[in-house]
Number of protein chains: 2
Amino acid sequence: MAKVAIMGFGVVGSGVWEVLTKNASSIAKRAGEEISVKYILDIRDFPDHPAKDLMIKDFDIILNDPEVSIVVETIGGLEPAYTYTKKLLLNGKHVVTSNKELVARHGPELLKIAKENNINYFFEASVGGGIPIIRPLQNCLAGNQITEIAGILNGTTNYILTQMKKYSLSFEDALKEAQEKGYAERNPSNDIEGHDACRKIAILSSIAYSHYVNYESIYTEGISKITKEDMEYAEELGCTIKLIAMSKKIDDKRVFARVSPLMISYKSPFANVDDVFNAILVKGDAIGDVMFYGQGAGKLPTASAVVGDIIDIVKHIDKSYVYTWAISGDIEVVDIENTSCRFFVRVKYKDYTKAKDAVSLIFNDCMIVNTHRPIGTNEFAFVTHELKESEFREKISQLEKISVVEKVLSIVRYDENI
Amino acid sequence: MAKVAIMGFGVVGSGVWEVLTKNASSIAKRAGEEISVKYILDIRDFPDHPAKDLMIKDFDIILNDPEVSIVVETIGGLEPAYTYTKKLLLNGKHVVTSNKELVARHGPELLKIAKENNINYFFEASVGGGIPIIRPLQNCLAGNQITEIAGILNGTTNYILTQMKKYSLSFEDALKEAQEKGYAERNPSNDIEGHDACRKIAILSSIAYSHYVNYESIYTEGISKITKEDMEYAEELGCTIKLIAMSKKIDDKRVFARVSPLMISYKSPFANVDDVFNAILVKGDAIGDVMFYGQGAGKLPTASAVVGDIIDIVKHIDKSYVYTWAISGDIEVVDIENTSCRFFVRVKYKDYTKAKDAVSLIFNDCMIVNTHRPIGTNEFAFVTHELKESEFREKISQLEKISVVEKVLSIVRYDENI
């Protein structure tokens, strides 16, 4: 019988208890022995929960109980999760987590401690909720040179963008609805500003390129500036707007990585990934393109990934997995200013013809968007050809100085090939 | 340095050599040591191949070389692959295979031998080519009760059906084209009659339901009877036709499994899986729906899966994986005659009105297909409501006896919900 402790009894933690309890017999069969929860650590009280007798408030009980071999960390955030995890690993206890923030920040250190103690620090649930992605990338695709990863990695923002598209909602209204449905938190900035997706692409990239990719080096832009009008233009262009997290290997020393809203073609495999679903595309030199799709968040899907990790540990409890990225140092993330892409730009004009001429002059070869119906007032939009980010900013500030242009209303990166 | 032998230097075997050679340095990094090919066993000669010095014709050299710890079996078919694999496992050598026929037939026995010898028999490449599916199902989703699997598991038939749809080709012409492009073998029956997909769904189902699912019990129908006209009707119905392999858990003792052409809605996630691509949908009680998509066949994608297995073994070489389905006996596959579905039927009539009346009488509540343009001559089509297979056959033979009906032209199962 394997004894597990759960730290943090929020959405994911309580889901883990639920899955372990409900599927106890099939899990025992697959793991080769029964798995039971001995403690649940939380600062809150749950007097009516069926597992109320397992609740404790003192972390040291878990740390010092030799019967507990596996600990689930579903506290989230950096502290006290970091301190607890480190102590547990140093004390020879396997840790399974859904905490992307902690893995993205302290992954290499924690994995090294796990390795030194011949135990495991597993984090399948940290990216893509229940979608199997960490293990496939780490093991199944290990024969490949991975050249690129792109994904819709955040369910909250994808739900908001889907609502905006389907029902012509403003960002604010769609966010409000997502909050009412429990898909967005009351303080949604972590999701809507792209930080969550940024940590996830950093973790995936670290595994794919076998070097630690520091999430703090990744250019990250959220969806809070995306408007109803942007979405309407996207539709006119045969496109939609998604929050895409991506990275590409440039050479053995450098990667490109970015999290930003992206105007993508309706033909893209990402275009129909709607609502809270996630999708992750991996390109490798042998495999070609492979895609993973499923519920990227939520209580039971995320718990499914945590429980999968627990079972794997129970089956192979005397074995420590090796993560190359934990020991091979950082890889440089190139400065976004030196990278190129196309841009969609909306302009409010004082004089249509003159403003359009100015745009054509500054952004030569750009494509003015012809719309079937008028969008907004006194405005038009264009899509640039591929430009370096720094060059684009310069051209935009040139444009803003021109008197017939009232204002640049919005800028969204544009990629018809993704 | 880990030494590998490759048995069978066909498409996949030579791909494995290529990936191991080309990506040697990144693979060494991930595996923790270099991996090199010591022998290549094939009855043919390859005098101009860069690996010509590794070629041998005597299996016993591999069997008796203590330096060789891992053997790749890409011979295919049952013999000599079965005898070789058994001898190797009994001799304490890990075996990695892409051989779905062998795994579907002798999986439990070979896995038991591997377990007893504390080594591994890995077969990620046997299903879905390079798409990671065995390991995700076996490990990542182990916390779930898997309730259903459905997939496009054969690239050859999917290529043929895609060509038929896109270019209004007959089955024969599309097959010929597939053969010319190397997507279909000269003797294509293994693919086009559904046997390949059948073995693959048997393997996936065995893992998912933790009991051996015997592929010989699975009702299997290929695509060789699908006509251009069937495809045209499908389009009129907002559908397409795909070869779908599926299984559902009925209860702890029984599963439903079937391989057959299926008329599915354009809205189905399978509808746009075209050409040689594969897609696999897994439903679990915690995860919900999760989908895997990629190249299901081909030299390098399949080699990618084999090499992933090799690396996993090298990293954890002293550990044997446990497969529950290898030790828990068979699960019953229910007789297709007792299962239900909807059917699309084309009828050639002598008298239109009377034939239609007969259809309406026999298949009450059925839907006659209205087409925008005429398809075929003196024919119409209808879709039944859900019927037991046995009941449907009985009704069809009733219909065939009616004098105003010249002939039942074709029958395709119909599922708008998949």
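Computed from a predicted model, the values in this text were never measured in an experiment.
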Take atom NZ of A/Lys165 as the centre, draw a 6.0 Å sphere, and report whether it contains more than 12 heavy atoms from other residues, nucleotides or ligands. yes
Under a 4.5 Å cutoff for heavy-atom pairs, which residue among B/Pro136, B/Ala305, B/Ala125, B/Gly288 has the most contacts with chain A? B/Pro136
Choice from A/Tyr323, A/Phe277, A/Tyr293 maximising heavy atom contacts with chain B below 4.5 Å: A/Tyr293
Is the number of heavy atoms from other residues, nucleotides or ligands within 6.0 Å of CG (B/Asp252) greater than 12? no
With chain A, the option among B/Lys299, B/Lys29, B/Lys22 that has the most non-hydrogen atom pairs under 4.5 Å is B/Lys29
Which of the residues B/Ile27, B/Ile311, B/Asp285 is involved in the greatest number of heavy-atom pairs with chain A at under 4.5 angstrom? B/Asp285
Check the surroundings of atom CD in A/Glu34: do more than 12 heavy atoms from other residues, nucleotides or ligands lie under 6.0 Å from it? no
Flag for A/Asn23-B/Asn144: side-chain donor and acceptor within less than 3.5 Å: no
With chain A, which of B/Gly308, B/Gly129, B/Cys140 has the greatest number of heavy-atom pairs at distances under 4.5 Å? B/Cys140
Of the listed A/Ser328, A/Pro269, A/Pro132, the one with the largest count of heavy-atom pairs under 4.5 Å with chain B is A/Pro132
Considering only heavy atoms and a distance below 4.5 Å, find which of B/Gly143, B/Ala279, B/Ala31, B/Gly298 pairs most often with chain A. B/Gly143
Among B/Gly294, B/Gly130, B/Gly284, B/Pro301, the residue with the most heavy-atom pairs under 4.5 Å to chain A is B/Pro301
Between A/Ala142, A/Gly32, A/Gly15, which shows the greatest number of heavy-atom pairs under 4.5 Å with chain B? A/Ala142
Does B/Glu18, at its CD atom, have more than 12 non-hydrogen atoms belonging to other residues, nucleotides or ligands within less than 6.0 Å? yes
Side chain, backbone, both or neither: which part of A/Glu124 has a heavy atom under 4.5 Å from chain B? side chain
Is there a donor-acceptor contact under 3.5 Å from the side chain of A/Asp312 to the main chain of B/Asn139? no
Shortest non-hydrogen separation from B/Arg30 to A/Ser210 and the atoms involved: NE-OG, 3.1 Å
Tell me whether the count of non-hydrogen atoms from other residues, nucleotides or ligands lying under 6.0 Å of NZ in A/Lys166 goes above 12. yes
Verdict with supporting geometry, B/Lys315 and A/Gln138, side chain to side chain contact (heavy atoms under 4.5 Å, CB included): CA-CA 12 Å; B/Lys315 283 174 79 169; A/Gln138 168 78 15; 3.0 Å; yes
